[in-house]
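To keep things clear, I will list the structure first and then write my remarks on it.
Per chain, numbering begins at 1; letters A, B, ... match sequence-line order.
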Amino acid sequence: MKNLEEPVRVVHAVVSKEMKIMFRYFGVLVMIASIPFMFGGMMMGIGYAIAGPSAFSNFTANTGVSNPLLYTVLGGVLMIGSMILVENTAGIIRDEQMMGTFELHYLTPNSTLMLWLFHSLSTSLITLVIMTVDVTVVLAWQGSLLSPVEWLLAATITVLGLLPLAGLGLVVAALTVRFKEVWAAASVVNSFVAMLSGFYYPLEVFPRVVRFIAQFLPTSYAAQALRNIFSGGVSSLQLWEQVVAMTVLGFAYLVVGRAFYLRWENEAKRRGELSKY
Amino acid sequence: MKDAIEASNLAKTFVTREGGLLFRGKKRVVEALKGVSFEVRRGEVFGLLGPNGAGKTTTIKILSTLLLPDAGDAWVNGYHVVKEASKVREAIGVSLYSDRGFYWKLSGRENLLYFARLYHLDEKTAKERIKYLFELLDLKADADRLVEEYSTGMKSKLNIARALLHDPPILFLDEPTIGLDPNSARKVRETVLELKKEGKTILLTTHNMFEADMLCDRVAVISKGRIVDVGTPSELKSKVAEHKVVEVTLLGFDDKVTGKLSGVQGVIGVAARVRDPVAGVAEVKVVYDGDSSIRDILTLLLNESLKVLSVKNLEPTLEDVFVTLTGERLEES
């Protein structure tokens, strides 16, 4: 890419294509936007069924959060966003192979790895749209709205927390494409990410070993940081630490994903597997 | 380098294993290319003529940098396909499928715009180019319909339009008319001739002898991973002009018959196409020389206890060149 205009055109191409396709399956978009409410409602219902009227005060005492609905909806947005991102990135080779578009990207003057990462960026942006809609609904119902600064911070944290998962998706893609079990492998990865990120509960309730593992997931920092932003209970130093941790992890995830993908790509070009599906 | 494309001793072997992750099945080795060499001159339409499995698509994929050769070298527009792959990609447009290669939930125009942006075309140039290509390929009226509503012929034309987006000097078309209705196939052939007038170099693969004869300045006959002959269609046909061709329809055919026919004095090539495997009905094409050969051919068939359903004398065609050179029939696939 010779100048800045060329990568901008490529990002424009990928993002506008992905957005158009996503908005043409509008029902799916509505379903995805409603999932955080469904899980949030379930969590609150289970809590109420177990602890009775004191459930909410117990929740506040254990988490320091006075707004359980916002807490669970934010967790739900991150969970569904991370699931879609891992699944889309892991499945991108096979999906595009089945459409016959995979090889065509190799004929364009771009790094294919960057092209797939731009696809993951599109998924992150769609998650932002969902977060904006869902959080606005919760806040508006409770009589307040997001300020532009809060939204910008939340958007940055969401993208920083989710985008590194593309690296994880690329690892799954590279390892599983030959065996055509991409979605099963992606679902296993998603289960662990969902369980260990503290989307619906504070990680402090888990044993030390689980908290140790969670340190290596960018989504666990994103979940914590987003809640802190919306509850107003975060110092700029804490936020800065979380952003640095996410950035470092993001870099590491993407480096590992890149290594696995390039190895697969080289083998696929030798074996004639770029177009096999 | 004066030639647009040069392939020298290209070889490719595919090794596959049947079975899953835990139980790896039998190893299968397929020698797709066994030292393929040819040159394509600038501005010419060059055809790779051969049946399925002959190595046509493998050749195109190596030349378009999608596949690494095991041995040999190739240059496209003067650039080496392995060492200077990005330079090669800038110079080529590739149409690999007739009915795939698109996002079904996008319109034809949106699909082309997506790929135009990936080729770094600015918005104005991209839109003008897409408009021109829709007109060239007779797709203007359907430009804004979703690709999921397109017919196979429309998708094939859209594939060619996509390959032409960045106006490359060299075009690779892999079986551009396969599965198309006669009208769409005619339009695709007209477009190929139009592009030739524009000065583009075109390498197309086909197993349709009529197409090769009509479109190609020169044709390479490829069979089982080897180029068996190269020449203009008339040069190739002149090789069988003195020969005679007979097509015999037989009942009770088995594979041994072709071998026995090949041994008859004066027989140059034999190829069979099984029409009805259950009943054993097959059409056997025999290219031969000399007046006495036909008597020996028919005597052999009658002695084999076969029922001869019909015997037709035919004018030699490009397919007969293929039969003579390879002992295969193009339409077998």
Is it the side chain or the backbone of B:F14 that comes within 4.5 Å of chain A heavy atoms, both, or neither? side chain
Start with the C-alpha gap between A:E96 and B:Y103, add the side-chain angles, then the distance that decides, and say whether side-chain hydrogen bond (donor to acceptor under 3.5 Å, both in side chains) holds. CA-CA 9 Å; A:E96 300 267 343; B:Y103 297 97; 2.6 Å; yes
Short side-chain donor-acceptor distance under 3.5 Å, B:R117 and A:S16: yes
Answer yes or no: does atom CZ of A:R263 have more than 12 heavy-atom neighbours from other residues, nucleotides or ligands under 6.0 Å? no
Which bit of A:Y25 is near chain B, if near means a heavy-atom gap under 4.5 Å: side chain, backbone, both or neither? side chain
Is the number of heavy atoms from other residues, nucleotides or ligands under 6.0 Å of B:K34 NZ greater than 12? yes
Less than 4.5 Å to any heavy atom of chain A: does that hold for the side chain of B:Y119, its backbone, both, or neither? both
Quick test of your reading of the model: are A:R9 and B:E123 salt-bridged, counting only N-O distances below 4.0 Å? no
Does A:K20 form a side chain to side chain contact (heavy atoms under 4.5 Å, CB included) with B:K105? I'd like the steps, not just the answer. CA-CA 8 Å; A:K20 270 180 195 153; B:K105 275 286 170 191; over 6 Å; no
Between A:H105, A:K17, A:E5, which has the largest tally of heavy atom pairs under 4.5 Å with chain B? A:K17
Of the backbone (N, CA, C, O) and the side chain (C-beta and beyond), which part of B:L121 lies under 4.5 Å from a heavy atom of chain A, both, or neither? backbone
Taking every non-hydrogen pair under 4.5 Å, which of A:L115, A:L274, A:L107 racks up the most with chain B? A:L107
Can you measure from CD (A:E103) to OG1 (B:T65) and round to the nearest 0.5 angstrom? 10.0 Å
Who wins among A:I21, A:L104, A:V8, A:V14 for the most heavy-atom pairs under 4.5 Å with chain B? A:L104
Count the heavy atoms of every other residue, nucleotide or ligand shown that sit under 6.0 Å from NZ of B:K224, and state whether that count exceeds 12. no
What part of B:L165 gets closer than 4.5 Å to chain A, counting heavy atoms only: side chain, backbone, both or neither? neither
Let me confirm one number: the CD-CG distance from A:E6 to B:D122, rounded to the nearest 0.5 Å. 10.5 Å
Other residues, nucleotides and ligands only: do more than 12 of their heavy atoms fall within 6.0 Å of CZ on A:F251? no
Can you confirm whether B:H120 sits close enough to A:P109 that some side-chain heavy atom of one is under 4.5 Å from a side-chain heavy atom of the other? yes
Counting only non-hydrogen atoms closer than 4.5 Å, does B:S95 touch chain A with its backbone (N, CA, C, O), its side chain (CB onward), both, or neither? neither
Can you confirm whether B:L67 sits close enough to A:K269 that some side-chain heavy atom of one is under 4.5 Å from a side-chain heavy atom of the other? no
At their closest point, which heavy atom of A:N110 faces which heavy atom of B:L118, and how far apart are they? ND2-O, 2.8 Å
Using a strict cut-off of less than 4.0 Å between a Lys/Arg side-chain nitrogen and an Asp/Glu carboxylate oxygen, indicate whether B:E148 and A:R24 qualify as a salt bridge. no
Go through the atoms of B:N111 and report whether side chain, backbone, both or neither lie under 4.5 Å from a heavy atom of chain A. neither
B:S86 versus chain A, the contacting section by heavy-atom distance below 4.5 Å: neither
Kindly compute the distance separating OG1 (A:T101) from OH (B:Y114), expressed to the nearest 0.5 Å. 7.5 Å
